[in-house]
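A short worksheet on the structure shown next.
Order of listing sets the numbers, starting from 1, for every ligand and every atom in it. All figures in this text were calculated on a predicted structure; none of them were measured in a lab.
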Amino acid sequence: MVILTFSLAALFPAYEGHTAATPEVRGLRVGENPGFTRLVIDADRRLDVKILFLADPYRMVIDLPEVRFAVAAKGHAPGRGVVGALRFGLFRPGVSRIVLDLTRPVRLSRRFDLPPRGTGNWRLVFDLRPVAPADYQVTRKPLVEVNGANGTRPSPAQELPARPKARPKIPARPLIYLDPGHGGMDPGAPGALGTPEKYITLAVAREARRVIQASGRYRARLTRERDVFLPLRRRIAIARAGGADLFVSLHADSLKNRRVRGATVYTLSETASDREAAALAARENKADVLAGLDLGREAPEVADILISLAQREAMNRASHFANLLVPELRKRIRVRRNAHRFAGFVVLKAPDVPSVLVEMGYLSNRQDAAMMGSKAGRRRIAEGLLAGIDRYFSELRAASGS
Ligand SMILES: [Zn+2]
């Protein structure tokens, strides 16, 4: 039996406040056996689990009460047997999630818990046997809500009302929503220096909020305050419900070519400006799938971005903001050539809030990773954002005569 074990200490305790009462997962092991693949969760106590099987692609989702994962820094790991890869993290407050990418259809053939023996850990055991595609049982009733606290999935119409709020006046202190990309069991891009994207984006967003608020000219809020998963459409809904005047999603990309560095600012478009932009948007739009959401009938919309007429105005403003932001970033950090690009990012689809997505640099490049991982680097990004925001709103004010 081949066993793969991930048992590094959790490297980011500073990001989360956990008490001794929080259950701890201490190991996630996938082993290959004749005829079946075994997943073992080592935990400091017995845990309630909810299991879901999803299709397109085949995934197994295990929901646990909120736990501390004392198992690996990266939040994702290679698999074995029928498990192609696995990810884990906070799905929402109170629920931690493990997502297994399945290489083929399976069924749960055995499921049992073993009490501590010597190691002090409970072992939660899941045995998976390959089955024919026709015998794969998709979980019909999702055991977890996708969005909101009422346990139902809001329809796209509820999330994105067709009639955007009219907001002709520029408020005295415009509200900037900063959206730290990824989170929870969606770690985003791995980091060359070990810190995955989800922590980098949160750290930059916090610094940007501090710098923007300190200017006294704006209010700034985050879509997520901690290492928790947020569906892409939920990020939009939060910003719209909060009355955002501008939405800035923060990301850090990763490429095979480790020499590539520099920031890029993306705005929404039906057609991507180049193949790289299209590939990036496809990767970012997959966040909900990676996190174990059953997109069901929403999936085609994720693949094909259809832009409504109402969105054009917000898109034009976003495009204008991006053009002002790029030179301000360039004064402070490395920026790529043709730094304003276009692609169909789901998170930029708010019909009435100008939205941009900033890829702050490449985590696959050591210098970029070090810049984003340093306090000074994060401050330069934050100051670049503020300078771009200043130019944008002063131009809007000049144009509207207010
Ligand atoms: Zn990202």
Side-chain angles (χ1 to χ4, degrees), residues 12 15 73-76 85 87 89-90 99 177-208 222-224 226-236 238-239 247-258 260-268 272 276-293 302 305 318 322 325 329 333 335-336 339-350 355-365 368-369 371-373 377-378 381 385:
F12 305 98
Y15 288 94
K74 291 189 174 180
H76 56 134
R87 293 173 295 281
L90 189 62
V99 183
Y177 256 90
L178 300 157
D179 173 47
H182 311 279
M185 64 279 147
D186 168 22
L193 304 177
T195 307
E197 183 180 357
K198 65 176 185 174
Y199 294 116
I200 299 281
T201 59
L202 185 55
V204 174
R206 284 177 171 157
E207 175 67 359
L222 308 190
T223 53
R224 69 173 172 95
R226 52 188 300 213
D227 179 20
V228 63
F229 170 71
L230 263 189
L232 294 172
R233 284 178 181 286
R234 183 82 197 124
R235 295 170 189 265
I236 300 173
I238 289 170
F247 178 85
V248 181
S249 192
L250 296 168
H251 289 260
D253 202 4
S254 180
L255 285 179
K256 277 213 180 86
N257 182 349
R258 292 173 167 261
V260 177
R261 9 173 353 198
T264 319
V265 179
Y266 289 89
T267 55
L268 184 66
E276 194 187 316
L280 174 70
R283 280 204 298 283
E284 298 289 10
N285 290 347
K286 255 200 335 221
D288 290 356
V289 173
L290 293 179
L293 286 204
V302 173
I305 299 284
L325 177 60
L329 287 175
I333 60 169
V335 167
R336 291 194 71 187
H340 176 198
R341 300 185 194 196
F342 306 86
F345 292 92
V346 168
V347 78
L348 301 180
K349 280 203 75 183
S355 303
V356 304
L357 185 145
V358 181
E359 294 281 350
M360 304 175 287
Y362 290 86
L363 284 172
S364 43
N365 176 275
D368 269 11
M371 182 276 287
M372 290 181 275
R378 290 194 292 268
I381 297 169
L385 288 172

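- In this structure, Arg283 pairs ionically with Asp253, as a charged nitrogen and a carboxylate oxygen lie closer than 4.0 Å.
- Under the 3.5 Å distance criterion, the side-chain polar atoms of Asp288 are matched with a main-chain donor or acceptor of Leu232.
- Looking at Ile238 and Phe247, their side chains never come closer than 4.5 Å, going by heavy atoms from C-beta outward.
- Here the side chain of Asp179 pairs no donor or acceptor atom with the backbone of Val248 at under 3.5 angstrom.
- Around the Zn ion (ligand 1), the protein contributes the following N, O or S atoms under 2.8 Å, ordered by chain and number: His182 NE2, Glu197 OE2, His251 ND1, Glu284 OE1, Glu284 OE2.
- Comment: Arg336 does not engage Glu359 in a salt bridge, judged by the lack of any side-chain N to carboxylate O separation of less than 4.0 angstrom.
- Considering only residues two or more places apart in sequence or on other chains, Ala205 meets the side chain to side chain contact (heavy atoms under 4.5 Å, CB included) condition with Leu178, Pro180, Leu222, Leu250.
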